[in-house]
Amino acid sequence: MSLKNELPALLQSALDKLLADGVLPEGLNPRIDVTQSRDPGHGDFATNLALALAKQAGRDPRELARQISSALPAHALLEKVEIAGPGFINFFAAQDARFRIVGEILAGGEHYGRSTLGERRKVQVEFVSANPTGPLHVGHGRGAAYGATIGNILEAVGYDVQREYYVNDAGRQMDILATSTWLRYLELAGEELPFPRNAYQGDYVWDIAATLHRERGDALRHSAQTVFTDLPPESSDQEAHIDALILRGKQLLGADYEVIHKQTLDTILGDIRDDLSHFGVDYDVWFSERSLTTSGGLERAIAQLRERGHLYERDGATWFRSTEFGDEKDRVVIRDNGQATYFASDIAYVLNKLERGFERVIYVWGADHHGYVPRMKAVARALGADPEQLEFLIVQFAVLYRHGDRLQMSTRSGEFVTLRQLRKDVGADAARFFYVMRRCEQHLDFDLDLATAHKNENPMFYIQYAHARICSVLRECEQKSLHYDEEDGLAHLELLVAEQETALLRTLDRYAGVVETAALRLEPHQLTNYLRELANAFHTYYNGQRLLVDDAPIRNARLTLARAARQVMANGLQLLGVSAPESM
RNA sequence: GCGCCCGUAGCUCAGCUGGAUAGAGUGUCGGCCUCCGAAGCCGAAGGUCGUGGGUUCGAAUCCCGCCGGGCGCGCCA
């Protein structure tokens with residue numbers, strides 16, 4: 001237990017005493033907030049408690065601070081208390097308390113920094129969930145990195161985390177894709193045909209078609225003339241043209257249409273899974289949208305809303321009265337042609353998630369979906385759940401630049417930079433780190449030239465370098481046959497009195513709190529910023545003090561401190577899904 | 001027009017939910033290797049926190065109005 005964790009209790013007992021003595025009035029409910037001091041002159045920790053209280057009680061803050069500090073019980077780790085500025089209470093830790101962290105880190109090992117804050121509560125993080133209509137592009141990458149990192153961090157603070165990918169395997173886009181595959185197949189079989197402009201143009205469609213042609217020969221072949229006869233012309237209505245083409249395919253192919261559909265879906269989904277896995281992103285569940293229909297979940301969700309009186313009919317369609325729950329307009333769930341809307345699936349999906357017992361359901365969404373949040377909250381309330389259970393993390397777009405030009409991305413045109421390509425160019429580590437370096441609300445300018453040509457400017461290398469450097473020193477120590485003794489090191493930590501050592505110790509002391517903050521606020525960038533500071537604290541130390549000195553107790557103490565720093569870096573990088581190399 | 005997000009050093013961004021002298025990286029300039037990895041360290045210069053009001057002991061942070069940028073506002077998925 002560090003001093004910081006004990007201070008709130010000490011302050012509380014001081015408040016209780018002042019209350020009992022009648023110095024403070026009843027009914028005050030101050031939040032006790034202890035922070036690490038930025039300026040060493042302000043001690044190790046500080047609280048603004050007196051300032052906050054002075055406002056509520058209408059007292060002079062400095063006088064109040066004096067009263068609090070004199071009511072404070074003594075504590076072995078607390079050396080001195082000072083009142084400063086307008087009424088801050090500054091705490092100076094005993095020397096002993098500052099070294100404690102090193103032993104804690106080494107004892108905790110790879111588990112150091114983990115906690116039980118989440119109390120094993122079930123939380124689901126659903127992320128990426130891109131339409132399986134082509135390879136993931138760099139826009140999906142940010143959601144992938146965010147979702148995965150948030151999952152890791154929540155797990156680290158004791159939540160029971162489930163990672164899920166929602167597969168949009170129903171609907172028109174999949175039909176367009178399956179039809180695209182079939183048309184390419186026909187071309188490979190020797191048919192000449194006008195490939196529609198709004199069908200999927202990407203090379204991967206050719207690949208799937210080629211596999212299909214290899215496996216099935218001409219079994220799925222129909223003449224181009226048969227296929228294109230009597231269709232609404234593409235020139236007048238593209239959408240009607242492709243819809244008619246889909247229908248034609250289903251009629252001509254019968255059960256074989258499903259084969260093409262499935263083969264296309266499986267191929268692309270397998271590719272996405274493989275891609276994400278190489279990105280260090282793995283899921284517990286791949287949830288099929290279609291299964292909501294086949295399991296009857298969709299009907300049940302609709303029925304439930306109907307029973308609760310939240311549905312009504314108008315213009316032949318069925319509407320959800322979401323305005324009753326704060327949405328700006330009501331939403332159609334069943335179209336006048338009898339088909340369920342995509343939103344109906346979303347409703348069934350929410351119900352399904354809640355039924356699976358998640359206390360927190362986190363959606364990681366792209367900025368283009370932010371308009372859907374109110375209606376999803378409305379659904380939660382209409383289903384009798386607490387809308388706070390659904391949390392939406394809106395991740396702003398990552399805009400790619402190459403040669404100073406903004407790149408356009410469109411899956412259908414086939415011209416996009418894939419996540420796979422990005423991994424190849426900058427590496428999975430750099431991409432993972434880069435993506436979560438900023439708050440998700442912040443737009444991300446991703447300059448490919450910078451990321452590829454000058455990759456040593458990436459702050460991730462700075463952190464990895466610090467880790468590798470410590471490993472190198474330890475190797476060097478062995479090579480020189482200098483014996484390292486951890487026990488001796490721990491016993492002589494009081495020899496670490498250099499300014500850089502104190503600074504490094506203070507930085508290490510912050511780690512557990514940073515992980516907690518990052519989890520509480522769902523902000524991975526807290527961690528990347530911290531790790532940069534930690535790496536800087538170590539590099540500064542390394543440049544200022546020699547670790548491998550002849551004096552054994554000092555050497556052991558310094559190497560022990562370095563090992564603690566290495567452990568924290570490794571643990572932090574692990575949460576980010578970034579490797580901690582022993583040499584570079 | 002309405003809604004959400006963003007505006008902080010030349011550039012890219014932090015700023016611990018209202019606290020002490022607003023901080024990093026990068027770029028510019030100047031120092032540091034006979035010694036554990038110079039992919040490093042240290043120092044300097046660089047700010048009317050978009051703007052105008054308000055709230056109070058105290059505002060980059062909270063409230064309101066403008067200005068500028070991004071993204072949404074379908075019986076699409």
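Per chain, numbering begins at 1; letters A, B, ... match sequence-line order.
Sequence neighbours left out, the pairs with a member in residues 391-400 of chain A that pass salt bridge (charged side-chain N to carboxylate O under 4.0 Å, His left out) are R360(A)-E391(A).
No more than 12 heavy-atom neighbours from other residues, nucleotides or ligands sit within 6.0 angstrom of CD on E299(A). When the shell of 6.0 Å around CD of E499(A) is examined, it contains 12 or fewer heavy atoms from other residues, nucleotides or ligands.
In this structure, R532(A) satisfies the cation-pi test against Y462(A), with its NZ or CZ atom closer than 6.0 Å to the six-membered ring centre and inside 45 degrees of the ring normal.
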With both pairing distances under 3.5 angstrom for Watson-Crick or G-U wobble, and | for a partner in another strand, the correct string for RNA chain B is (((((((..((((.....[...)))).(((((.......))))).....(((((..]....))))))))))))....
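The base of G72(B) lies outside donor-acceptor range of the side chain of D368(A), with no N or O pair under 3.5 Å.
Aromatic ring pairs are classed by plane angle as parallel below 30°, tilted from 30° to 60° and perpendicular above 60°; the pair F320(A) and F343(A) is tilted.
Remark: A367(A) pairs with I394(A), Q396(A), F397(A) by the side-chain contact (heavy atoms from CB on, under 4.5 Å) rule, at least two apart or across chains. Applying the side-chain contact (heavy atoms from CB on, under 4.5 Å) test to K329(A) and every residue at least two apart in sequence or in another chain returns R331(A).
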Readout for nucleotides 7-20 of chain B: B = base within 4.0 Å of protein heavy atom, S = sugar-phosphate only, - = neither; 5' to 3' it is -----SSSSBSBBB
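Because its glycosidic torsion is within 90° of 0, C33(B) is reported here as syn.
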Can you check nucleotides 42-46 of chain B for protein contacts, nitrogen or oxygen pairs under 3.5 Å, and list what you find?
| unit_1 | atom_1 | unit_2 | atom_2 | d |
| --- | --- | --- | --- | --- |
| C42(B) | OP1 | T540(A) | OG1 | 3.1 |

